[in-house]
Protein chains: 2
Amino acid sequence: MKFEAITIKHIAKALKLSVSTVSKAMRGSHEISEETKRNVLAYAREHNYKPNPIAQSLKRGRSKSIGVIVCNIDNNFFSQVINGIESIARQKDYNVIITQSQESYEREIANSEHLSSRSVDGLIISLSAETKNVDHFIKLHEKGLPMVFFDRVTDEIATHKVIANNYKGAYEATRHLLQQGFRRIAHITSSGSLSITLERLEGYKKALEDAGLEPDPDLIKFCPHGGMIPEETRQALNELLQLEQRPDAIFTASDRLSTTTLSLLRKMQIAVPQQIALVGFTNSISADIFHPSLTSVVQPAMEMGQLTTDLLIQLIESKRPVTDFKKRVLDTELKIRDSSLRTQ
Amino acid sequence: MKFEAITIKHIAKALKLSVSTVSKAMRGSHEISEETKRNVLAYAREHNYKPNPIAQSLKRGRSKSIGVIVCNIDNNFFSQVINGIESIARQKDYNVIITQSQESYEREIANSEHLSSRSVDGLIISLSAETKNVDHFIKLHEKGLPMVFFDRVTDEIATHKVIANNYKGAYEATRHLLQQGFRRIAHITSSGSLSITLERLEGYKKALEDAGLEPDPDLIKFCPHGGMIPEETRQALNELLQLEQRPDAIFTASDRLSTTTLSLLRKMQIAVPQQIALVGFTNSISADIFHPSLTSVVQPAMEMGQLTTDLLIQLIESKRPVTDFKKRVLDTELKIRDSSLRTQ
DNA sequence: TTTTTTTACGAAAACGTTTGCGGCGGGAAG
DNA sequence: CTTCCCGCCGCAAACGTTTTCGTAAAAAAA
């Protein structure tokens with residue numbers, strides 16, 4: 001099954017012109033008479049001519065498409081980011097090719113190779129939880145492939161980055177729990193190799209310290225696979241619950257960890273917030289109908305996607321090599337709901 | 001900023017061969033000696049040669065990419081479907097280009113034009129709620145562009161379709177409410193022009209009739225924009241609540257409608273299921289931590305995506321025109337949770 | 001009128017592949 | 001000693017563009 005489109009040749013033949021003339025007319029070149037341009041444009045419009053983007057790509061050496069590597073889209077934070085990416089890309093006539101690493105280092109490498117061999121013009125990346133080594137991206141970056149990181153970024157590559165103010169977001173979340181009177185606040189977080197993990201951890205610790213509390217390593221649990229393996233989260237939670245001094249609140253560091261933790265607590269019949277309070281980083285659109293409604297640190301996901309894409313396209317379209325790289329930090333918002341409120 | 005890759009020409013020059021020989025060697029042609037093949041393959045591997053997919057596309061007239069049009073990915077049903085699409089596409093070395101209609105007819109048209117002019121080899125489509133007319137797809141289909149519909153399908157185009165058993169899913173959901181003793185069961189659904197809407201509506205009505213109840217038109221509310229406009233859902237719900245005989249249960253027909261309805265009921269302080277019970281079509285991974293946990297009709301979303309993609313690729317790669325089109329119907333699963341349980 | 005400039009267009013190469021065909025050399029068959 | 005065949009490889013065209021360069025004819029300047 002094939003589907004033949006009209007080409008510049010057909011127009012040339014029909015109008016008794018050369019292909020070059022038609023091409024120039026289509027692009028409004030000054031070396032074509034107004035009359036010819038009108039004729040060509042009219043014919044093109046009438047026959048719904050669209051230049052073949054593949055031929056254009058081959059000629060120009062640019063594909064007008066950008067690749068995206070995220071851990072997974074089945075998650076409100078990332079799907080909102082992608083909404084933002086798409087809106088800008090579309091506006092600037094770029095295609096978006098989305099791939100998912102599922103938090104796997106190997107799949108991240110496979111995706112980056114696939115995308116670059118697919119000749120995307122640039123890459124938007126949020127690292128997988130398993131990733132400890134970014135050589136695969138360094139190699140591509142050295143070859144000149146523009147890339148912008150968001151959310152889970154790396155310091156090893158000099159390029160633009162867009163992140164939320166994770167430190168501040170975590171600080172505020174923890175401070176809120178402290179203000180509510182909780183004292184043994186645990187932290188369930190993602191892989192220790194992720195930038196977001198460290199930043200959020202710092203915010204959490206600082207809030208404790210500012211309240212005169214010493215961060216307790218026993219209360220900090222890492223999930224190396226970012227919660228993609230449910231058992232991982234279950235174990236982290238179990239370890240917390242079996243401490244002699246059980247935590248009275250938990251601060252979870254990502255979307256998936258937050259929902260999984262809430263779900264587990266519910267299954268274990270542990271009342272939230274009466275027995276354990278909960279605050280989580282999440283962009284879930286349903287956080288207000290959770291049981292209990294979940295106090296959340298919300299990231300400006302859509303805006304992050306838009307900003308990231310803007311920066312990437314700037315990079316792609318810049319004539320001269322860019323050396324001035326920005327790290328844009330966007331503020332989060334703490335939405336206080338029931339899961340973190342001190343009862344009685 | 002450009003990023004030069006190694007081409008067949010470089011290999012040819014290095015090995016003192018012609019480009020055609022290299023090309024044939026790469027593809028294992030029988031008219032090339034084993035030794036030459038070995039040399040070429042070795043050199044290619046060593047220098048990490050990857051054929052330029054754009055040049056291949058131009059030559060072959062196929063782009064090895066498929067376009068997807070869904071209403072929006074910020075929704076567990078669709079993101080799970082896309083997971084399924086991606087897994088098969090990747091496996092068969094196709095790219096996936098995702099676009100969102102946001103339930104808008106105009107954006108759906110714009111997306112279909114954009115994708116087809118981007119020379120995708122085929123289209124995967126779930127219609128927008130606003131769409132009443134599918135001429136834009138008919139035109140593309142007549143030109144020979146392969147397409148497969150899923151979820152929200154149309155009878156006007158003869159091609160493969162993949163849907164859930166909406167009739168049965170709705171029937172079972174309604175019957176479950178009836179078995180729990182509810183009698184005035186309302187139905188909040190999407191646009192009346194959508195296939196899923198009609199099928200679910202039929203299932204709902206049939207269950208009522210089988211229980212000896214007459215479907216009451218006052219209890220059936222349509223949301224022409226599929227719930228993308230929150231006000232729409234609010235109004236539908238308000239109208240139901242203001243009936244002289246208030247419903248004692250609601251059956252919602254889509255992911256977004258379900259979560260929005262639950263959220264509204266909560267804001268209005270209407271106890272679920274005590275005052276009004278709720279069952280909804282939803283693939284939300286968080287349905288079990290909703291307040292109350294939401295009884296859901298779950299669709300096999302991932303499987304639907306996989307099946308759809310399989311069928312599309314069959315269509316794309318088929319030598320002869322396909323005339324035998326299938327409509328695959330997959331069973332849903334009713335997950336009974338708290339929101340539908342009769343209290344006392 | 002002759003020369004120069006301008007206008008408007010066409011020819012051809014190039015982007016990186018794939019593929020039909022033609023050719024060269026050597027061994028087998030006549 | 002010819003003829004034929006076959007294995008192996010290169011030439012060139014093609015996919016649909018863009019772009020450089022060349023060149024007619026018309027217009028302007030001399």
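Lettering follows sequence order; numbering is per chain, from 1.
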>> Nearest whole Å is fine: how far is D:dT17 P from A:K13 NZ?
In response: 14 Å
> What residues, two or more places apart in sequence or in another chain, satisfy side-chain contact (heavy atoms from CB on, under 4.5 Å) together with A:A89?
Replying inline: A:I66, A:Y94, A:V96, A:T309
>> Using whole Å, what does the distance between atom P of nucleotide C:dC15 and atom CG of B:N52 come to?
In response: 12 Å
> Does the gap between the ring centers of A:H136 and A:Y105 come in under 6.0 Å?
Replying inline: yes
>> Test: salt bridge (charged side-chain N to carboxylate O under 4.0 Å, His left out). Region: residues 305-316 of chain B. Which pairs qualify, not counting sequence neighbours?
In response: B:K92-B:D310
>> Between P on D:dC8 and CD on B:E35, what's the gap in Å once rounded to a whole number?
In response: 10 Å
>> Return the CZ to NZ distance between B:R27 and B:K37, rounded to the nearest 0.5 Å.
In response: 12.5 Å
>> Measure CG/B:L15 against P/D:dC8 and give the value in whole Å, please.
In response: 17 Å
> In whole angstrom, what separates B:I8's CD1 from D:dG10's P?
Replying inline: 12 Å
>> Taking 4.0 Å as the cut-off, does a side-chain nitrogen or oxygen of A:Q56 come that near to OP1 or OP2 on D:dT18?
In response: yes
> Under 4.0 Å between a side-chain N/O of B:R27 and OP1 or OP2 of C:dT19, yes or no?
Replying inline: yes
> Listed by chain and number, what are the side-chain contact (heavy atoms from CB on, under 4.5 Å) partners of A:T99, not counting sequence neighbours?
Replying inline: A:I69, A:N111, A:L115, B:E86, B:R90
> Of all residues at least two apart in sequence or in a different chain, which pass the salt bridge (charged side-chain N to carboxylate O under 4.0 Å, His left out) check with B:E35?
Replying inline: none
>> Tell me every residue that passes salt bridge (charged side-chain N to carboxylate O under 4.0 Å, His left out) with A:E31, counting only those two or more places apart in sequence or in another chain.
In response: A:K24
Protein N or O to nucleotides 6-9 of chain C N or O, pairs below 3.5 Å:
unit_1 : atom_1 : unit_2 : atom_2 : d
C:dC9  : OP1    : A:T36  : OG1    : 2.6
C:dC9  : OP2    : A:S33  : N      : 2.9
C:dC9  : OP2    : A:S33  : OG     : 3.1
C:dC9  : OP2    : A:T36  : OG1    : 3.0
C:dC9  : N4     : A:E31  : OE1    : 2.5

> Can you tell me how far C1' of C:dG16 sits from NZ of B:K50, to the nearest Å?
Replying inline: 16 Å
> Quick one: on DNA chain D, does A:S23 or B:A55 contact a more 5' nucleotide (nearest heavy atom)?
Replying inline: B:A55
>> Per the salt bridge (charged side-chain N to carboxylate O under 4.0 Å, His left out) rule, what does the pair list look like for residues 110-123 of chain B, sequence neighbours excluded?
In response: none
>> Nearest whole Å is fine: how far is D:dT18 C1' from A:M26 CE?
In response: 13 Å
> Phosphate oxygens OP1/OP2 of C:dT17: is one of them under 4.0 Å from a side-chain N or O of B:Y49?
Replying inline: yes
> Looking at residues at least two apart in the chain, or sitting in another chain, which of them share a side chain to side chain donor-acceptor pair (under 3.5 Å) with B:S191?
Replying inline: B:S193
>> Rounding to an integer number of Å, can you tell me how far B:L58 CG sits from C:dT18 P?
In response: 12 Å
Could you list the protein-to-nucleotides 12-14 of chain C atom pairs, N/O on both sides, closer than 3.5 Å?
unit_1 : atom_1 : unit_2 : atom_2 : d
C:dA14 : N3     : A:K59  : NZ     : 3.0

> Can you name the closest pair of heavy atoms from B:S65 and B:I97 and give their distance?
Replying inline: OG-CD1, 4.4 Å
>> I'd like to check the side chain to side chain donor-acceptor pair (under 3.5 Å) partners of B:Q80; sequence neighbours left out, ordered by chain and number.
In response: B:N283
> Given axes from five pairs at either end, by how many degrees does the helix from C:dT1-D:dA30 to C:dG30-D:dC1 bend, rounded to 10°?
Replying inline: 70°
>> B:Q102: which residues meet the side-chain contact (heavy atoms from CB on, under 4.5 Å) condition with it, sequence neighbours left out?
In response: A:N83, B:N72, B:Q100, B:R107, B:M228
